[in-house]
Amino acid sequence: MASRWLDLRWALSVLCVLLMVETVSGARGSSTGAHISPQFPASGVNQTPVVDCRKVCGLNVSDRCDFIRTNPDCRSDGGYLDYLEGIFCHFPPSLLPLAVTLYVSWLLYLFLILGVTAAKFFCPNLSAISTTLKLSHNVAGVTFLAFGNGAPDIFSALVAFSDPHTAGLALGALFGYLGLYVFYVVTVILCTWIYRWQRRGSLFCPMPVTPEILSDSEEDRVSSNTNSYDYGDEYRPLFFYQETTAQILVRALNPLDYMKWRRKSAYWKALKVFKLPVEFLLLLTVPVVDPDKDDRNWKRPLNCLHLVISPLVVVLTLQSGTYGVYEIGGLIPIWVVVVIAGTALASVTFFATSDSQPPRLHWLFAFLGFLTSALWINAAATEVVNILRSLGVVFRLSNTVLGLTLLAWGNSIGDAFSDFTLARQGYPRMAFSACFGGIIFNILVGVGLGCLLQISRSHTEVKLEPDGLLVWVLAGALGLSLVFSLVSVPLQCFQLSRVYGFCLLLFYLNFLVVALLTEFGVIHLKSM
């Protein structure tokens, strides 16, 4: 699972980034030789030429802060904190090691945030959605999980294609991109239906029972029930009493189980202390639906509060709050409209439901929690990317080396935590399907929809013209990895072993070495 994700996600991400860089730089630098930032339109009169941000370390100390603030190449594409400005404007050069240490510590805490969000909020809601809709793991992986992992990237692709100097592909090809993704999803659903139909026909035939043959819901319940023991029965009160609304809210927002705390080790307690602020914030903003509980995790006061807070979090985390602060008609920000609408809906829900019985449409909270947790993961992953990029500037790593290593890993860290957590919680097929479905969703829908919207606005064309040996190395490595999996997986009767995983990891390491040697000119084509 991990090796498949490493092989496919990183290679394709780097390939697409470099293709975009070649396209944009070729379109803009052909006449002037200068690269203009996409944030500055060509029609403006005050255009700022882009200077490599890594040159800041060679400037005088007094000039570094102004360089960071005025150079478009030093601006982050998203995120809430400007890490480069923090290093070069708020820390003196003598405290640079301290700044790097703080950034690394914050980076580790972001990894903790990603893990908690994926394990306790994203994956449970995805499981509830697949259970409610009776989806197989494969279908859920290529649809909802792919959308959750790739939706933020789709919005980024739409913004990237909105530049009037970049355009497109033929209109028929764009519809072909979108149609190909739809065909892919339909094929997965059809194959799943055929598989279930064949299983129903062979119920009377003796078959070896393995984890892969168990039904989706049965497999999850078996894994969860056999690997854990419910200690809550020992501490349940002998007499039933009715909790007040305030007590329900306080108990629902408490991330600490005192009985569990007493049994755990000192290491678990220390880690739990760091998790408590994150878990409290996520409990406050992300609803979780649990189909295995009698009340499906229905907490009336908290769930009504979620109807106000969760949509607000969605608009304030999508594209780092860009859409949330947009004013409708130049008067009312979108976040104000969301709060008003959420408050009205929460009031109706509160007075129309009870504390003891979940409402008939409670399952819709799983979709809200799924979307909110996915955007929390994307927000944390964006900060990870910005920190890694800032460290690359400090240590003067080249853009290509940075893209092949730190940025490629950082861009994929959110999907990695989601897929790894799903696999560990007993959903390996869903996670494995998402490794393919997420990338296909990003490429086909992102490129297809982005170019389609751009053509409808400007009626121009986008020309993707990859130049250089490195692009072909990336494309070749990706093709070889897919061919290897296409041949080896059926030969193993779809029972993947550790040898297969080690081969993919070794293939990725070899690809990375060859790509870096190509970038540094050690591997090059002979000039004719």
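From a predicted model like this one, the values you see are computed outputs, not experimental measurements.
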Do Y500 and S485 get their side chains close enough for a donor-acceptor pair, meaning under 3.5 Å? yes
So the side chain to side chain donor-acceptor pair (under 3.5 Å) pairs with at least one residue in residues 97-124 (sequence neighbours excluded) are Y83-W106, K120-E279
Taking [X] for its side chain and [Y] for its backbone only, find out whether a donor-acceptor pair lies under 3.5 Å.
| X | Y | value |
| --- | --- | --- |
| N378 | A374 | no |
| H306 | L283 | yes |
| S310 | T285 | yes |
| N297 | D290 | no |

For [X], enumerate each residue passing the disulfide bond (SG atoms under 2.5 Å apart) test, keeping only those at least two apart in sequence or located in another chain.
| X | value |
| --- | --- |
| C57 | none |
| C503 | none |
| C123 | none |

For F91 and L96: C-alpha separation, side-chain torsions, deciding distance, then whether side chain to side chain contact (heavy atoms under 4.5 Å, CB included) applies. CA-CA 7 Å; F91 282 92; L96 182 61; over 6 Å; no
Those residues that, when tested against T518, pass side-chain hydrogen bond (donor to acceptor under 3.5 Å, both in side chains) (two or more places apart): none
Can you list everything that forms a ring pair (Phe, Tyr, Trp, His ring centres under 6.0 Å) with F67? Sequence neighbours excluded, please. none
side-chain contact (heavy atoms from CB on, under 4.5 Å) test vs W376 passes for just one of L281, I113, L114, namely L281
